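Notes follow once the structure below has been shown.
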Protein chains: 2
Amino acid sequence: MNRVQRKRDERVRRIVAAAAEVFGERGYEASTLEEVAERLDVTKGSLYYYFAGKDELATAAIETLGTDWTERLEALADARADAPRVERLRALLREHIAIAVLEYPAALRLFLVPDSWPAALRERIRDLRRRHDLVFRREVTAGVAAGEFAVVSVDATLQAMHAAMSQAPLWCSHLAAEARDQAMDDLATTLLRLVSSPR
Amino acid sequence: MNRVQRKRDERVRRIVAAAAEVFGERGYEASTLEEVAERLDVTKGSLYYYFAGKDELATAAIETLGTDWTERLEALADARADAPRVERLRALLREHIAIAVLEYPAALRLFLVPDSWPAALRERIRDLRRRHDLVFRREVTAGVAAGEFAVVSVDATLQAMHAAMSQAPLWCSHLAAEARDQAMDDLATTLLRLVSSPR
DNA sequence: CCGAACTTTGACCTCAGAGTCAAGAGATGA
DNA sequence: TCATCTCTTGACTCTGAGGTCAAAGTTCGG
């Protein structure tokens, strides 16, 4: 029974992983359950044994992906708790960019959730974003409070950072490995400028 | 005969405008020709008299929207040719954000063109983006050459700017008019930081 | 090895939305 | 006014993809 449960969880995990892949590549509208099923070498019907429908599967994919992403950033921030603020923020930016480019190149599309989705689902996704946002917000506001950073508006700064990071894959995933690393470094350094003290 | 031609052109213009509206709101996949037709008070069939299909109409819409957008920015840059470089760039950023937020809130979705499209169409769209990019690139590189701006990397800087501007609608189109204007101002000012001379 | 619980299948239903077309309605010009 | 060209319609087909389900297959505990 517990054996069964674990097996089921594993199955769900795999389905969600495949779904995250497909939705991440194609975006919500253009993704088909048929394709998700194909990548798992099963048939569409079997997905419905685990998930009520496309929306639910997509939500699960978004949540899994988002949680994983956030946790890794949180862990990184903890690990660098003693580093200078600027360096910690730089590391966070760099890591975020790397995850976006190397692992979830189409997360942007995935997170463009249709307006038609039930409010509850959209709400859960918003929460996820908020938690994710908080990792960076904490750094920025603390830096500002300490007088090390200066920003026009915390919100605008964070939005700009997130936008740039999430679109990074669009322009640097086609680069060769070396140029890509350089581009990611450049972007992280560039984004640091957003909080640098003026003058 | 010429009368007929002009009438036809006008008709095409209107259709493309309506299509740009719909595709701009919903993105490619979620848009339907039915809805485009509805906004023109005609029926779907009539669209096929002017366009071969959805792809072609979407391409025309993207081109029109992109050209209009670019031309307005170019005109703005010309109009401020004598203004200080920083102010000209600020005006461009602000205008770009305003167009994105107020007129084409889902342009981001629209430009995420399906990979399945013919290469020729994708190529034309890439050209459009290049021309658009050039408006900002010119300002930034000139400013750097003049020693007024400093950047880590022109590419990274432009990418960050474009990303932030194109995602602006996602977070400020739901705001009330006043707060929205403030948010757009803040974002423009924030992005200026990306080129500000350091120290 | 059996029966029960769990899982997968594939045929099927449904429906939205792309695309077609014959027929008719409107212009245009002689 | 007639003939022709231009345009619009609405009913039609077709396809793809979401969703359902009874039946068959598989795994597990005893």
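Every value quoted in this text rests on a predicted model; they were computed, and no experiment measured them. Naming convention: chains lettered A, B, ... in sequence-line order (proteins, then strands); numbering from 1 in each chain.
- With Arg180(A) contributing its side chain and Cys172(A) its backbone, the two residues share no donor-acceptor pair below 3.5 Å.
- Distance CD/Glu87(A) to CZ/Arg94(A): 13.0 Å, rounded to 0.5 Å.
- Distances shorter than 4.0 Å separate none of the side-chain N or O atoms of Arg11(B) from OP1 or OP2 on dT6(D).
- In this pair, Trp69(B) and His132(B) present their aromatic rings perpendicular. The plane angle is above 60°, beyond the 30 to 60° band.
- With rounding to whole Å, Tyr28(B) atom OH is found 12 Å from dG17(C) atom C1'.
- We find that CD of Glu34(A) is positioned 12 Å from P of dT9(C), with the value rounded to whole Å.
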Base, backbone or nothing for each nucleotide of nucleotides 22-27 of chain C, written B, S, -, heavy atoms under 4.0 angstrom, 5' to 3'?
------
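- At a cut-off of 3.5 Å, with distance as the only test, a side-chain donor of Gln167(A) or Ser166(B) sits close to an acceptor on the other residue.
- Ranked by how close their nearest DNA chain D nucleotide is to the 5' end, Arg8(B) and Ala30(A) are led by Arg8(B).
- By the neighbour-count criterion of 12 heavy atoms within 6.0 Å, atom CD of Glu10(B) is densely surrounded, having more than that number from other residues, nucleotides or ligands.
- Leu65(B) is connected to Leu128(B) through a chain of hydrophobic side-chain contacts under 4.5 Å among Ile, Leu, Val, Met, Phe, Trp and Tyr, so both are in one cluster.
- Remark: C1' of dT27(D) and CZ of Arg6(A) are 15 Å apart, rounded to the nearest angstrom.
- In this entry the distance linking CD of Glu29(B) with C1' of dA16(C) reads 14 Å, nearest Å.
- DNA chain D is contacted by no residue of residues 14-21 of chain A, taking any non-hydrogen atom closer than 4.0 Å.
- Counting heavy atoms of neighbouring residues, nucleotides and ligands inside a 6.0 Å radius, atom CZ of Arg14(B) does not exceed 12 of them.
- In this structure, Lys54(A) is positioned above the aromatic face of Tyr28(A), its NZ or CZ under 6.0 Å from the six-membered ring centre and within 45° of the axis.
- A donor-acceptor pair under 3.5 Å links the side-chain atoms of Arg88(B) to the main chain of Ala83(B), judged by distance alone.
- Within residues 37-55 of chain A, the residues that have a heavy atom under 4.0 Å from DNA chain C are, in order of number, Val42(A), Thr43(A), Gly45(A), Ser46(A), Tyr49(A), Tyr50(A).
- In this structure, CZ of Arg26(A) is placed 10 Å from P of dA17(D), rounded to the nearest angstrom.
- Checked by atom type and distance alone, the side chain of Arg109(A) never pairs as donor or acceptor with a backbone atom of Phe23(A) at under 3.5 Å.
- For the atom pair CD of Gln159(A) and CG of Leu170(B), the computed distance is 8.5 Å after rounding to the nearest 0.5 Å.
- Glu10(B) places its CD atom 13 Å from the P atom of dC7(D), with the value rounded to the nearest Å.
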